[in-house]
Amino acid sequence: ASDAVYRADTGKFADTAMTGLALLAFLGAGHTHTDSGPYASTLKRGIDYLCQQQFPSGDLSGQGQIGNQPTVRYSRMYSHGIAGIALAESYAMTQDPMLIDPIRSAVGYTLKAMNPKTGGWRYDFSSDDPGDTSQFGWQAMLLSSANISRACVLEGSHRVLLQRFLDSVSTGSAGGLAVYRNLTPLSRPSIQQATAPMTAEALAMRSMLGLPMSAQAIQEAHQLLLSQLPGSGESNFYFWYYGTLALHQTGSNRNVWKRWNEAMKKELTGTQVPSGEFAGSWDPRCVWGGHGGRIYTTALGCMCLEVYYRYLPLYQP
């Protein structure tokens, strides 16, 4: 509750973000809006809703999130990125031509919002702020997904900027750790600022974008993530999702993925609501759970357990 008050009820109107996460959970299990399965109409309604909520600028943050009050300011760019990924992955799996224009428009908005010097994103469209790693992950995944599906091509100049941002938030003896923000991007941030969630997100993005990383840097990141396995400390579905993505992509050779996955499966299956009206969901008693609610925790919980299905084109090696 105190977190929600501090963040001015951020997430209260983030309907396109929650719709996007729910869609990704279905897509991650192999369901699409064009198949003959039991969830096709559910997915179709979600996709139609996102397209209806898109502004002419390409912004997918939703027409209920207008203005600069903190409640919507902190969640707008997140909502845009997450909704965009859902549309791009839907297109990658179905090749539904109706989705090409909304995706291209969304990518255009993301690229215009990118800091042209640092390659980062922050809360506000096209600001001078160097950006933060948390925001970066969702926007970079949108660009990567649109590129994989061939809805849009990720230009070399933009790829250079993405690497520049990741380099600017990297720290540690081998450069394998990452910080949330670096306000002086020309100098390396201190190792004390590094966190496991941001290290996981940066590692996942480097792997997904095919950016170079030394074996020592990967090992340094792995050590930090394995020191905070699911089940130890406070529940953090956001961290677990990016940790799962990062370690599934980079941890297969060192038994790292096995250790993470076993801890995660034990924690998630042990805390899933077993009965009653919320059966199958996860209670939003976790970091950021008060902002995203039950849909947020349940979608991310599903996505953690689905990564190795590899239905989402974004997760393909």
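Computed over heavy atoms, backbone and side chain alike; hydrogens, waters and symmetry mates excluded. For clarity, every value in this text was computed on a predicted model and none was experimentally measured. The residues of the chain are indexed from 1 along the displayed sequence.
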Under 4.5 Å side-chain heavy-atom separation, chaining through any Ile, Leu, Val, Met, Phe, Trp or Tyr, what else clusters with [X]? Say none if it is isolated.
| X | answer |
| --- | --- |
| Val72 | Phe13 |
| Phe278 | Val273 |
| Met98 | none |

Are [X] and [Y] connected, step by step, through hydrophobic side chains (Ile, Leu, Val, Met, Phe, Trp, Tyr) whose heavy atoms are closer than 4.5 Å?
| X | Y | value |
| --- | --- | --- |
| Phe136 | Leu211 | yes |
| Leu186 | Ile191 | no |
| Leu27 | Phe237 | yes |
| Leu247 | Leu177 | no |
| Tyr309 | Leu24 | yes |

Starting at [atom1] of [X], measure out to [atom2] of [Y] and round the result to the nearest 0.5 Å.
| X | Y | atom1 | atom2 | value |
| --- | --- | --- | --- | --- |
| Phe125 | His80 | CZ | NE2 | 9.0 Å |
| Leu224 | Thr195 | CG | OG1 | 7.5 Å |
| Leu268 | Asn261 | CG | CG | 9.5 Å |
| Leu300 | Leu305 | CG | CG | 11.0 Å |
| Thr19 | Leu87 | OG1 | CG | 10.5 Å |

Ignoring hydrogens and angles, tell me if any N or O in the side chain of [X] forms a donor-acceptor pair with the backbone of [Y] under 3.5 Å.
| X | Y | answer |
| --- | --- | --- |
| His291 | Lys12 | no |
| Thr133 | Tyr180 | yes |
| Gln272 | Gly280 | yes |
| Asn182 | Arg188 | no |
| Gln139 | Ala113 | no |
| Thr244 | Trp240 | yes |
| Thr94 | Asp96 | yes |

task = Let me know which of Leu314, Val307, Thr250, Leu203 forms a side-chain contact (heavy atoms from CB on, under 4.5 Å) with Leu245.
result =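 Going through the options one by one, the only one that passes is Val307.
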For the residue pair Trp257 and Tyr308, categorise the inter-ring angle as parallel (less than 30°), tilted (30 to 60°) or perpendicular (more than 60°).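 Because their plane-to-plane angle is over 60°, the rings of Trp257 and Tyr308 count as perpendicular.
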If we only count heavy atoms from C-beta on, is the [X] to [Y] side-chain gap below 4.5 Å?
| X | Y | result |
| --- | --- | --- |
| Trp121 | Thr110 | yes |
| Tyr78 | Tyr123 | yes |
| Ser90 | Leu43 | no |
| Val169 | Arg181 | no |
| Tyr315 | Met303 | yes |
| Thr171 | Gln193 | no |
| Phe55 | Gln63 | yes |
| Arg206 | Ser170 | yes |

*Does any pair with a residue in residues 146-165 pass side chain to side chain donor-acceptor pair (under 3.5 Å), and if so which ones, sequence neighbours excluded?*
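Side chain to side chain donor-acceptor pair (under 3.5 Å) check on residues 146-165 returns no pairs.
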Determine which pairs satisfy salt bridge (Lys or Arg N to Asp or Glu O under 4.0 Å) with at least one residue from [range], sequence neighbours left out, and list them in order.
| range | answer |
| --- | --- |
| residues 265-282 | none |
| residues 285-296 | Asp283-Arg285, Asp283-Arg294 |
| residues 48-74 | Lys44-Asp48, Asp59-Arg76, Arg73-Asp124 |

_Can you confirm whether more than 12 heavy atoms, excluding those of Tyr311, are under 6.0 Å from its OH atom?_
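Check fails, neighbour count at 12 or below.
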#### Entry: Qualifying residues under ring pair (Phe, Tyr, Trp, His ring centres under 6.0 Å), relative to Tyr241, sequence neighbours excluded
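For Tyr241, no residue satisfies ring pair (Phe, Tyr, Trp, His ring centres under 6.0 Å) once neighbours in sequence are set aside.
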- By side chain to side chain donor-acceptor pair (under 3.5 Å) - contacts of Thr298 (at least two apart):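 Thr298: no side chain to side chain donor-acceptor pair (under 3.5 Å) contacts found.
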**Report entry** All side chain to side chain donor-acceptor pair (under 3.5 Å) counterparts of Ser173, not counting sequence neighbours
**Finding:**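 Partners of Ser173 under the side chain to side chain donor-acceptor pair (under 3.5 Å) test: Glu220.
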Can [X] and [Y] be counted as having a side-chain donor-acceptor contact under 3.5 angstrom?
| X | Y | answer |
| --- | --- | --- |
| Tyr238 | Glu201 | yes |
| Tyr242 | Thr199 | no |
| Thr16 | Gln53 | no |
| Glu89 | Ser145 | yes |
| Gln65 | Ser75 | yes |

Can I get a per-line list of side-chain donor-acceptor pairs under 3.5 Å for residues 34-41, giving both atom names and the distance, sequence neighbours left out?
{"unit_1": "Thr34", "atom_1": "OG1", "unit_2": "Thr32", "atom_2": "OG1", "d": "3.4"}
{"unit_1": "Asp35", "atom_1": "OD1", "unit_2": "Gly37", "atom_2": "N", "d": "2.9"}
{"unit_1": "Asp35", "atom_1": "OD2", "unit_2": "Thr32", "atom_2": "N", "d": "2.9"}

Salt-bridge present (Asp128, Lys117; N to O < 4.0 Å) =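 No.
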Check: Between Tyr296 and Trp288, does the ring centre distance come in under 6.0 Å?
Finding: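 When the ring centroids of Tyr296 and Trp288 are compared, they turn out to be at least 6.0 Å apart.
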Next item on the list: Please identify each residue that fulfils salt bridge (charged side-chain N to carboxylate O under 4.0 Å, His left out) with Asp132, with sequence neighbours left out.
Entry: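 Asp132 satisfies salt bridge (charged side-chain N to carboxylate O under 4.0 Å, His left out) with Arg122 once adjacent residues are dropped.
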